[in-house]
Amino acid sequence: MTVTIKTDEQQRARHLAAMRHSAAHVLAAAMLDLMPDAKLAIGPAIDTGFYYDFDLPRTLTPEDLDALNRRMRRIIKQKQVFQHSTMPVDEAKSFFLERNQPYKVELIEDLEREASVAEVSLYQNGDFIDLCEGPHVANTGAVGAFKLLRTAGAYWRGDENRQQLQRVYGTAWETKDDLNAYLKFLEEAERRDHRRLGRELDLFSFSEDIGPGLVVWHAKGGHVRSTMEDYWRESHRAGGYEFIYTPHIGKASLWQTSGHLNWFSDNMYAPVEIDEQQYYLKPMNCPFHIQVYKSRTRSYRELPLRYTEAGTVYRYERSGVLHGLLRARGFTQDDAHLFCRPDQMDSELTRVLQFCLGILDTYGFKDLELELSTWERGETTKYAGEAQDWELAEAGLVKALDELDLSYKRMAGEAAFYGPKVDIKIVDVLGRPWQLSTIQFDFWLPQAFGLEYIGEDGSARRPFMIHRALYGSIERFFGILLEHYGGAFPVWLAPVQVVIIPIADRHNEYAQQVAATLSEAGVLVDVDTRSERMNAKIRDAQLQKVPYMAVVGDREIDDGAVNVRLRTGENCGALQVAEFSARVQDRAQSRSEAL
RNA sequence: GCCCAGGUAGCUCAGUCGGCAGAGCAGCGGUUUUGUAAACCGCAGGUUGUGGGUUCGAAUCCCACCCUGGGCUCCA
């Protein structure tokens, strides 16, 4: 799961970064050419190219991008040499001040203050001089293939209270072929966009009348979801979990105790008042699950307790961050809370981690990134719970990760104040990482709610509590899955598994008979009896990404067969109905990706 | 929330300078009865996101709001 980069690959990566960063300088030079009043902020290389942030006298238009593209090409043609030089800090400050570049002055002042540097590094190409650490390629001619993609808003230093700048994004590659391949990849990503597929495959939608960030599941999407939930239920039952159900709202005092009103209220919907009591829509399930635990005295004998619920939560998200199913305001967590004794912790962690990975594997997610977020030792005031608990929990997580031979990234200081955690992420087709599963210790809630169990010696003890979500959000998981498969769900998830395509009307009756047979066997089947040509029916089934198309005509009726075409385009020829039915059932039951 | 770009039929989009709101696909009706990715003909479909303003006249210009997209910030 970790990538070992060979030395020459590292060198190539460094060269690519230098090239992209050089492209950013060329962009800045072109911008000053176009708008001499432009104030420059920063222009780093990024994963697929580069950007540069500008403070400009007016808004950029698409035509400006074209003009910048042309000017950049001219600069590249001129093969201007990148010259490195240094300048004492004071001189550099007045240099950039004279040139009306306040952001550069601020950067120098920060360097002076934070790194106490005496002189700064500059790079010059043509007339353009920029504060820059480098490295760069030799001259602008070595910048390679690039394209400016879009403009966007960005804050100076990422701080929304500061000046908003205009960011120009570009992509840059060593060769024209690499560039074209990347542009093709972007097109493909657009085709696989879950929002687009959601509409085309009639899976879900959003309604202006309902509100932004609130998902409406259509029949087909609902079918996929319920299949996912069936699998969730089945696996959790086998995994020793117990199913609970809790309400959608709870009293203000509950959220006061849990601490959510203190540290999560920005993300909570405003309260509703009922009988002079304030109730909040739940942004998390934990306080409710805790109530189940607390409903009676617990004995050490009944631990571990594993409660799970597909609980729909609502969180206020700022309007600009909503993104289809991947970032919604209402979503369903497949939440579980594990309550265990200290001596059970290690085995519980290994068990829950293994459980998560097994299920993700079924969905075809093989490439995962694991992150272990830990506390900062000694900074005890920033964290709830006892130092020894933190150490124990971290050791338990490490042990579980090691036992399963998993590689992970250690994120020191990234833990929440209430406990360390392991997050499992996948990277989507656009290269964006999304968090799926999370396994989090919580030292705060058991303390806040005074959770206890009676130990062997009759004294009250505090249980460990672990939050665990596997899909994370069912909506998000579904969205990622949709993009992952490009809408072509494996048989077990497909909302329609088979479309029967009668060639002419006289074959409709036989088609219906076959459909009834398949349907009785539990296969999800449609018959396309429209008065269309077979080719049109195949095309439509193909576009709907139905796994199997079963063509029936005179020959098939004579043989009691169906002529099977897969959505891959492969033609399987005539199969006996029973044979075909068995094949579909086998693929569905094994949850295989094969057709 | 902020910056920018958008919102025209179910979908994708056109609509010039302010002068009768259009096309393709989907839908519906008919004709056709088809052998592995789009048959043909016809019909219907609109509060031009919503509300206000300017104007003889607004899809088009102005204002406010709603929603969507690209980012920033934040997160499952």
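Remember, it's a predicted structure, so these values are computed and weren't measured experimentally. A note on names: the letters A, B, ... follow the listed sequences, proteins ahead of strands, and every chain is numbered from 1.
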List the residues meeting salt bridge (charged side-chain N to carboxylate O under 4.0 Å, His left out) with [X], not counting sequence neighbours, and say none if there are none.
X        : value
A/Lys421 : A/Asp423
A/Arg555 : none
A/Arg565 : none
A/Asp230 : A/Arg233

What is the distance from [atom1] of [X] to [atom2] of [N], rounded to the nearest Å?
X        : N      : atom1 : atom2 : value
A/Asp266 : B/rU73 : CG    : C1'   : 13 Å
A/Phe264 : B/rC74 : CZ    : P     : 14 Å
A/Leu322 : B/rU73 : CG    : C1'   : 14 Å
A/Arg196 : B/rU12 : CZ    : P     : 9 Å
A/Ile42  : B/rC72 : CD1   : P     : 11 Å
A/Glu160 : B/rC4  : CD    : P     : 16 Å
A/Leu186 : B/rG70 : CG    : P     : 12 Å
A/Gln163 : B/rC72 : CD    : P     : 17 Å

- Note on the structure: Of the candidates B/rC72, B/rC2, B/rG1, the side chain of A/Ala154 sits closest to B/rC72
- Item | Side chain of A/Val321 - closest among B/rC74, B/rC4, B/rG71 | B/rC74
- Task: Go through residues 201-213 of chain A and report each residue with a non-hydrogen atom lying under 4.0 Å from RNA chain B, sorted by number.
- Result: A/Glu208, A/Pro212
- Nucleic acid contacts - residues 465-478 of chain A versus RNA chain B, non-hydrogen atoms under 4.0 Å: A/Ser473, A/Arg476
[X]: partners by side-chain hydrogen bond (donor to acceptor under 3.5 Å, both in side chains), with sequence neighbours left out:
X        : result
A/Arg191 : A/Glu188
A/Tyr316 : none
A/Trp156 : A/Glu106

Please state whether the phosphate of [N], meaning OP1 or OP2, lies under 4.0 angstrom from any side-chain nitrogen or oxygen of [X].
X        : N      : result
A/His323 : B/rC75 : no
A/Ser319 : B/rG1  : yes
A/Arg195 : B/rG69 : yes
A/Arg199 : B/rU12 : yes

For [X], answer base if it contacts any base atom (sugar-phosphate contacts may also be present), sugar-phosphate if it contacts only those atoms, and nothing otherwise; contact means non-hydrogen atoms under 4.0 Å.
X        : answer
A/Gln164 : base
A/Tyr51  : nothing
A/Arg327 : base
A/Glu317 : base
A/Thr59  : sugar-phosphate
A/Ala328 : base

- Looking just at side-chain N and O atoms, do A/His289 and A/Asp335 make a donor-acceptor pair shorter than 3.5 Å? no
- Message: Whether the A/Thr48 and A/Thr171 side chains hold a donor-acceptor pair (N or O, under 3.5 Å, no angle test) is what I'd like checked.
- Response: no
Say you pick atom [atom1] in [N] and the same atom in [M]; how far apart are they, in whole Å?
N      : M      : atom1 : value
B/rU47 : B/rC11 : P     : 13 Å
B/rU12 : B/rU55 : P     : 37 Å
B/rG46 : B/rA39 : P     : 28 Å
B/rU68 : B/rC61 : C1'   : 24 Å
B/rG22 : B/rC63 : P     : 29 Å
B/rG18 : B/rA76 : C1'   : 49 Å
B/rG10 : B/rG1  : C1'   : 33 Å
B/rA38 : B/rC2  : P     : 49 Å

With a 3.5 angstrom cut-off on both distances, give the Watson-Crick or G-U wobble partner of [N], or none if there isn't one.
N      : result
B/rC13 : B/rG22
B/rU47 : none
B/rC74 : none
B/rG6  : B/rC67
B/rC40 : B/rG30

- Under 6.0 Å between ring centres, would you say that holds for A/His467 and A/Phe441? no
- Query: Do A/Tyr548 and A/Phe580 make the cut of ring centroids closer than 6.0 angstrom?
  - Reply: yes
- Ignoring hydrogens and angles, does a donor from either the side chain of A/Tyr155 or the base of B/rC3 sit under 3.5 Å from an acceptor on the other? no
- Query: By centroid distance (under 5.5 Å) and plane angle (under 30°), are A/Tyr169 and B/rG71 in a stacked arrangement?
  - Reply: no
- List the protein contact pattern of nucleotides 29-39 of chain B with one symbol per nucleotide (5' to 3'): B for base contact, S for sugar-phosphate-only contact, - for none; contact means a heavy-atom distance under 4.0 Å. --BBBBBBBBB
- If you look only at pairs with a residue in residues 353-362 of chain A, which of them pass as a salt bridge (charged side-chain N to carboxylate O under 4.0 Å, His left out), with sequence neighbours excluded? A/Asp361-A/Lys366
- Ion pair A/Asp64/A/Arg71, N-O distance below 4.0 Å: no
- Query: Do NZ/NE/NH1/NH2 and the carboxylate oxygens of A/Asp53 and A/Arg167 come within less than 4.0 Å?
  - Reply: yes
- Among residues two or more places apart or on two chains, list those pairs meeting ring pair (Phe, Tyr, Trp, His ring centres under 6.0 Å) that have a residue in residues 37-59 of chain A. A/Tyr51-A/Tyr169, A/Tyr52-A/Phe54
